[in-house]
Amino acid sequence: MKRREFIRVSSLLGAGAAVAPSFMLSGCAAKPLPGSGAVTSTPTVCDMCFWKCAGHVYRENGEIWKITGNPDDLHSGGRLCTRGTGGPGAYLDPDRLKQPLMRVTDADGRQRFQEVTWDVALDFIADKMRGIAETVGPERMLMLHHGSGSRHFVHLLRAYGSNSRAEPAFAQCRGPRDVGFRLTVGESVSSPERTDMANARCIVFLGCHIGENLHNAQVQTMAEAINRNATLITVDPRFSVPAGKSQYWLPIKPGTDMALLLSWMNVLIDEGLCDQDYIERYTVGFEQLAAHVRPYTPEWVYLETGIKPDVIRETAREMAKAAPATVVHPGRHATWYGDDTQRSRAVAILNALLGSWNRKGGFYIPESVDLPEYPLPDYPTPKAQTADAYPGKWPFASQGVTNGAIEASIGEDAFFKGWLVYGTNLPQSVPNVEEKLKAAANTLDLLVVVETMPSEMTGYADVILPECTYLERYDDLRNSGEREPSLALRMPAFEPRYDSKPGWWIAKQLGSRLGLDEYFPWQDYSEKLDWQLKQVGSSLEEMQRIGVKNFPRQSPLYFRPGERVQFRTPSRKIELYSKQLADQGFDPMPVYTPPDPVPNGYYRLNYGRMPAHTFGKTTNNPLLFELTPENQLWVNPLVASQWSLSSGDYVRLASPAGAISNPVRVRVTERIGPDSVFMAHGFGHKSKRLRLTAGVGADDAGLMSNIKIDPLMGGTGMRANFVTFVQQRAKSS
Ligand SMILES: Nc1nc2c(c(=O)[nH]1)N[C@H]1C(S)=C(S)[C@@H](COP(=O)(O)OP(=O)(O)OC[C@H]3O[C@@H](n4cnc5c(=O)[nH]c(N)nc54)[C@H](O)[C@@H]3O)O[C@H]1N2
Ligand SMILES: Nc1nc2c(c(=O)[nH]1)N[C@H]1C(S)=C(S)[C@@H](COP(=O)(O)OP(=O)(O)OC[C@H]3O[C@@H](n4cnc5c(=O)[nH]c(N)nc54)[C@H](O)[C@@H]3O)O[C@H]1N2
Ligand code: SF4
Ligand SMILES: [Mo]
């Protein structure tokens, strides 16, 4: 028998589970108007996505009423997005995990989850963790995670002796961008992105689809730039939201951005449009770069990208005219075609030629509050790091690589023996991973999932721990590097519903069972926050009133004219030519490789964000579900007529590897070219306990089998995937 079979968590609730809940706010009409009862509020930091806007939670007669932005919060401009406003739905969702669950095997050999007490669940986990530490060492316990709440568990594992961890937000998202910028300018673009769009006169988006990607301050500063008549240049094969706001829309042939970037450099250098003073002062390798980009003439690049030579020249001149107030936006989800670190390097190099890195209207220098850490004993030094699980691979990975760590968890002699999974839904977020997850689950000694919802990932667990939502707990203070340093407080607006618990409490309980009490000296997490706040002249009491506190900057926002700067690269300069890469056998300057052609009868699978949802994490939220219940498949009219499709039809998609999607609703639109189809990521849930969203819409991840691994840092390029339609027959042409 399999050690762990995947349990569709549906078996837990019995027959009633299949019925969709009627929406619990539907009783509102019978109540007095919102706001007419006794109103109280508490501050929060939104957790509906990973941007961390500060807001206030309003209660009326003790019940949730609404969440609004905190006007003092520069991070959010005082406004929440659609998803942030939908936060009450996360708290009220009747499908939330309600009590700890443990996998049990019945007499007939079938496995199911059984409700247990917290003591039983925590004792079980602590026993297994102790066993792993004693037999193979604590560093063989891996954390897979996402989100600010995971810090409590990072702390727990560090205290226990493991620094092994990985998050899809690296190898499936911004990893190549971070590494590409670090290799070039010595530091990352950070989150929130340090783009100075608020002051830019020209903004270039490659793919990056802000407006559908609703990262709050990015949307607002883009809107400010539009109002100031900044020149927007959007490179996207699809007519995206920013494309619609741009003076220049460059509908590029997918996968050829590198050629365009190199051609822009060619034009800037050829026409003498670079910031020569900046280049001489701050960069190395200009001569090599100039020689390298010489062959990438607009005429040659036109044949690859489909972008006309005069458009390439004109847009390069626009960038130079506005420089240094030009942002070539680095995007965020950068794992596209496997050469992504190099493409991100090309973006960084282009910004350097324009002199925009750390200059007004280009990028600013972020600053956070100098907040002391609570005094605790030092962590033990682990005997191994995450990368020791996949030796020799991906020398420039600056964080753990999920795909590498998952593969190193399969088999009796696997490197990792236990997993603690927090706030990440791996079956949807790591492409082509389900068989690997099943194999890992069959051999791991321990697989714990800390979740708020019965996600697909919970189906693989030994133990599922129900965390309460962000509206019911304290977490660490928000202290991100920003234009202006600030602290923001997340505090409970409500007692945890059901038998859910805050992450800090769960981590402390496990710590105590593992003999690590000295790392968790607080009875309540608010004691730790109060201590930290008092070190910087505030207090918990003050923050409970104001929610956000802004602090004066200690250092300038941009480079001062002519300032001497030491970049954090080996040469202490911006590395247009990278000796680091050459030394390891990689291309020292970015090189263009054409993408795989689309197989006959197939279309490129393009995917991205939609405003109303964050991945699959909000699709079951009753408020947001009501707004946007499903994703749609964008299909070009030519393709639609070939396959006899109309808007509103449902189709299934097939991948070359034989995967078939759920039915997805067609939207016929000129906004996508005839070589591709497009859908928002995060739909097509399989977990039946997500009663609203289960089976609704299609999952892009399930259709991905052709993954292009970035040799520098292990990122999983996901854009080289193709699909075709099932059910319909192509008309004979
Ligand atoms: N195919 C495909 N794959 C992708 C992408 C794509 O577009 N297409 N996008 C990539 C990108 S950009 C990223 S950043 C990653 C993101 O991928 P993940 O890191 O996996 O993030 P989510 O998909 O948002 O999953 C978050 C999970 O956390 C749970 N959760 C929500 N709130 C809480 C909480 O307070 N506590 C706990 N413990 N759990 C909580 C949610 O229920 C959900 O199951 O996916 C990447 N993978
Ligand atoms: N509402 C909402 N907002 C979000 C999120 C969310 O889940 N919901 N997630 C957040 C996260 S974690 C991330 S990482 C970001 C991701 O958001 P971004 O970094 O902005 O998006 P990307 O996935 O890089 O790019 C998607 C765009 O690339 C285009 N594209 C596809 N192929 C190509 C190509 O070959 N060349 C070019 N130039 N363009 C191409 C697509 O048509 C699409 O418009 O969004 C963030 N914001
Ligand atoms: S961008 Fe929206 S969902 Fe994300 S933290 Fe801000 S308000 Fe919340
Ligand atoms: Mo992301």
Side-chain angles (χ1 to χ4, degrees), residues 45-53 55 67 69 75-76 79-87 90 144-150 167-170 172-174 177 205-210 212-219 234-243 250 252-257 260 329-337 421-426 428-431 449-458 465-470 473 475 503 595 604 606-618 620 672 676 678 680-682 699-704 716 718-719:
V45 174
C46 181
D47 198 36
M48 296 296 285
C49 84
F50 307 95
W51 193 257
K52 307 194 194 96
C53 301
I67 310 177
H75 201 90
S76 63
R79 292 201 297 267
L80 302 185
C81 79
T82 320
R83 299 162 297 155
T85 310
L144 291 153
H145 65 112
H146 197 181
S148 50
S150 65
E167 50 176 345
F170 181 74
Q172 282 68 50
C173 176
R174 54 173 171 70
R177 179 193 81 174
F205 294 116
L206 292 127
C208 183
H209 56 331
I210 292 170
E212 289 154 288
N213 155 358
L214 230 53
H215 273 173
N216 202 336
Q218 293 279 306
V219 182
T234 296
V235 183
D236 198 313
R238 189 178 62 97
F239 191 68
S240 63
V241 165
L250 279 52
I252 194 166
K253 190 174 142 214
T256 63
D257 294 66
L260 176 65
H329 199 293
R332 187 175 179 109
H333 171 62
T335 42
W336 293 6
Y337 285 91
V421 181
Y422 180 98
T424 179
N425 192 21
L426 302 172
Q428 273 200 339
S429 51
V430 179
V449 176
V450 185
E451 255 285 356
T452 51
M453 297 299 295
S455 67
E456 283 70 26
M457 190 62 221
T458 59
L465 299 179
E467 192 180 22
C468 59
T469 68
Y470 71 104
R473 66 183 198 232
D475 275 320
R604 265 182 207 286
N606 188 358
Y607 60 88
R609 311 289 163 241
M610 66 153 68
H613 288 288
T614 303
F615 311 116
K617 133 171 176 154
T618 60
N620 204 69
I672 183 97
S676 305
F678 173 84
H681 166 66
D699 174 21
D700 59 336
L703 293 163
M704 292 175 174
T716 52
M718 305 188 219
R719 292 225 190 271

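Counting convention: from 1, in listed order, for ligands and their atoms alike.
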Asks: With the side chain counted from C-beta on, respond yes when D700 and Q428 share a heavy-atom pair under 4.5 Å apart, and no when they do not.
Replies: no
Asks: With heavy-atom distances below 4.5 Å as the criterion, would you say the side chains of Q172 and E167 are in contact?
Replies: no
Asks: Check whether any heavy atom of V450 sits under 4.0 Å from an atom of ligand 1.
Replies: yes
Asks: If you have a sec, work out which protein heavy atom is nearest atom 19 (O) of ligand 1 and how many Å separate them, to one decimal?
Replies: H146 ND1, 2.5 Å
Asks: Does an N or O anywhere in H145 fall below 3.5 Å from an N or O of ligand 1?
Replies: no
Asks: Below 4.5 Å, heavy atoms only, C-beta onward: do I252 and D257 meet side chain to side chain?
Replies: yes
Asks: Under a plain distance cut-off of 3.5 Å, with no hydrogens placed, do E467 and Y422 share a side-chain donor-acceptor pair?
Replies: yes
Asks: For atom 4 (C) of ligand 2, what is the nearest protein heavy atom, given as residue, atom name and distance?
Replies: L214 N, 3.7 Å
Asks: With side chains defined as the heavy atoms from C-beta onward, is the minimum distance between S240 and T234 less than 4.5 Å?
Replies: yes
Asks: Looking at ligand 1, is there an atom of it that comes within less than 4.0 Å of some heavy atom belonging to D47?
Replies: yes
Asks: Between C208 and ligand 2, find which residue part has any heavy-atom pair under 4.0 Å and reply side chain, backbone, both or neither.
Replies: both
Asks: For atom 36 (N) of ligand 1, what's the nearest protein heavy atom and its distance?
Replies: E467 OE1, 2.7 Å
Asks: Nearest protein heavy atom to atom 47 (N) of ligand 2, by residue and atom, and its distance?
Replies: N213 OD1, 2.8 Å
Asks: Run the contact test for Y337 against ligand 2 with a 4.0 Å cut-off on heavy atoms, strictly below, and give the result.
Replies: yes
Asks: Is it the side chain (CB and beyond), the backbone, both or neither of M718 that lies under 4.0 Å from ligand 1, heavy atoms counted?
Replies: side chain
Asks: Under 3.5 Å, is there a donor on one side chain and an acceptor on the other for T618 and R83?
Replies: no
Asks: Give the residue, atom name and distance (to 0.1 Å) of the protein heavy atom nearest atom 14 (S) of ligand 2.
Replies: C173 SG, 3.1 Å
Asks: Is any side-chain heavy atom of M718 less than 4.5 Å from a side-chain heavy atom of H681?
Replies: no
Asks: Kindly give the heavy-atom pair with the smallest separation between I67 and L80, and that separation in Å.
Replies: CG2-CD1, 3.7 Å
Asks: Does ligand 2 have an atom that lies less than 4.0 angstrom from a heavy atom of C49?
Replies: no
Asks: Should R83 be listed as contacting ligand 2, given a heavy-atom distance under 4.0 Å as the test?
Replies: yes
Asks: Give the C-alpha distance, both sets of side-chain angles, the deciding distance and a yes or no for side-chain contact (heavy atoms from CB on, under 4.5 Å) between R332 and C173.
Replies: CA-CA 7 Å; R332 187 175 179 109; C173 176; 4.3 Å; yes
Asks: Please could you name the atoms of ligand 1 that S455 approaches to less than 4.0 Å, counting only its heavy atoms?
Replies: 44 (O)
Asks: Using a 4.0 Å heavy-atom cut-off, say whether T82 meets ligand 3 through its side chain, its backbone, both or neither.
Replies: neither
Asks: Suppose we measure from atom 8 (Fe) of ligand 3 to each protein heavy atom; which comes out shortest, and what is that distance?
Replies: C46 SG, 2.3 Å
Asks: Say whether W51 and ligand 2 are in contact under the criterion: heavy-atom distance to a ligand atom below 4.0 Å.
Replies: no
Asks: Is there a polar contact, in the sense of an N or O pair closer than 3.5 Å, between Q172 and ligand 1?
Replies: no
Asks: Determine, considering heavy atoms only, which of T618, I672, D257 sits nearest to atom 34 (C) of ligand 2.
Replies: D257
Asks: Identify, for atom 11 (C) of ligand 2, the protein heavy atom at the shortest distance, and state residue, atom and that distance.
Replies: H215 CE1, 3.8 Å
Asks: Answer side chain, backbone, both or neither: which part of A701 comes under 4.0 Å from ligand 1, heavy atoms only.
Replies: both
Asks: Suppose we measure from atom 31 (C) of ligand 1 to each protein heavy atom; which comes out shortest, and what is that distance?
Replies: T452 OG1, 3.6 Å
Asks: Is E212 in contact with ligand 2, taking contact as a heavy-atom separation below 4.0 Å?
Replies: yes
Asks: For ligand 1, does R332 get within less than 4.0 Å through its side chain, its backbone, both, or neither, judged by non-hydrogen atoms?
Replies: neither
Asks: Looking only at protein heavy atoms, identify the closest one to atom 4 (Fe) of ligand 3 and say how far it is in Å.
Replies: C49 SG, 2.3 Å
Asks: Between Y470 and ligand 1, does any nitrogen or oxygen pair lie at a separation below 3.5 Å?
Replies: no
Asks: Purely on distance, is any nitrogen or oxygen of G423 under 3.5 Å from one on ligand 1?
Replies: yes
Asks: Tell me: protein heavy atom nearest atom 8 (N) of ligand 2, and distance?
Replies: H613 O, 2.6 Å
Asks: Are any non-hydrogen side-chain atoms of I672 and R604 less than 4.5 angstrom apart?
Replies: no
Asks: Is it the case that ligand 2 has an N or O less than 3.5 angstrom from some N or O of A612?
Replies: no
Asks: Hey, is ligand 2 close enough to G608 that some N/O pair sits below 3.5 Å?
Replies: no
Asks: So, 4.0 Å and heavy atoms of F615: is ligand 2 close enough to count as a contact?
Replies: yes
Asks: Flag N606 as yes when one of its N or O atoms lies below 3.5 Å from any N or O atom of ligand 2, and as no otherwise.
Replies: yes
Asks: Whether the side chain of R473 engages the backbone of C468 through a donor-acceptor N/O pair (distance < 3.5 Å, no angle test) should be reported.
Replies: yes
Asks: Give me the nearest non-hydrogen protein atom to atom 45 (O) of ligand 1 as residue plus atom name, then the distance to 0.1 Å.
Replies: S429 CB, 3.3 Å
Asks: Between F50 and ligand 2, find which residue part has any heavy-atom pair under 4.0 Å and reply side chain, backbone, both or neither.
Replies: neither
Asks: Just checking: C53, one of its N/O/S atoms, less than 2.8 Å away from atom 8 (Fe) of ligand 3, yes or no?
Replies: no
Asks: What protein heavy atom is closest to atom 1 (N) of ligand 1, reported as residue, atom name and distance in Å?
Replies: D700 OD2, 3.1 Å
Asks: Between T424 and H146, is there a side-chain donor-acceptor contact under 3.5 Å, judged purely by atom types and distance?
Replies: no
Asks: Looking at side-chain heavy atoms only, is the closest gap between K617 and M453 below 4.5 Å?
Replies: no
Asks: Do any N/O/S atoms of C81 come under 2.8 Å of atom 2 (Fe) of ligand 3?
Replies: yes
Asks: Could you tell me the residue and atom name of the protein heavy atom closest to atom 43 (C) of ligand 1, and the distance to it rounded to 0.1 Å?
Replies: E451 OE2, 3.4 Å
Asks: Can you find an N/O atom of G207 closer than 3.5 Å to an N/O atom of ligand 2?
Replies: yes
Asks: Which residue from H333, R719, R609 reaches closest to atom 26 (C) of ligand 2 through any of its heavy atoms?
Replies: R719
Asks: N/O of I210 under 3.5 Å from N/O of ligand 2, yes or no?
Replies: no
Asks: Below 3.5 angstrom, do we get any N/O pair linking R473 and ligand 1?
Replies: yes
Asks: What do you reckon, does A334 have a nitrogen or oxygen under 3.5 Å from a nitrogen or oxygen of ligand 2?
Replies: no
Asks: Atom 35 (O) of ligand 2: which protein heavy atom is closest, and how many Å away?
Replies: G255 N, 2.8 Å
Asks: Return yes or no for this condition: an N or O of M610 is under 3.5 Å from an N or O of ligand 2.
Replies: yes
Asks: How about L144 and L426: do any of their side-chain heavy atoms sit closer than 4.5 Å?
Replies: yes
Asks: Considering only the protein, which heavy-atom contact is closest to atom 40 (C) of ligand 2, and what is its distance?
Replies: P237 CD, 3.3 Å
Asks: Which of the listed options, D236, T234, V219, V235, holds the heavy atom that is closest to atom 44 (O) of ligand 2?
Replies: D236
Asks: Looking only at distances, please establish whether an N/O atom of ligand 2 is found under 3.5 Å from an N/O atom of Y607.
Replies: no
Asks: Among all protein heavy atoms in this structure, tell me which lies nearest to atom 25 (O) of ligand 1, with the distance rounded to 0.1 Å.
Replies: N425 N, 3.7 Å
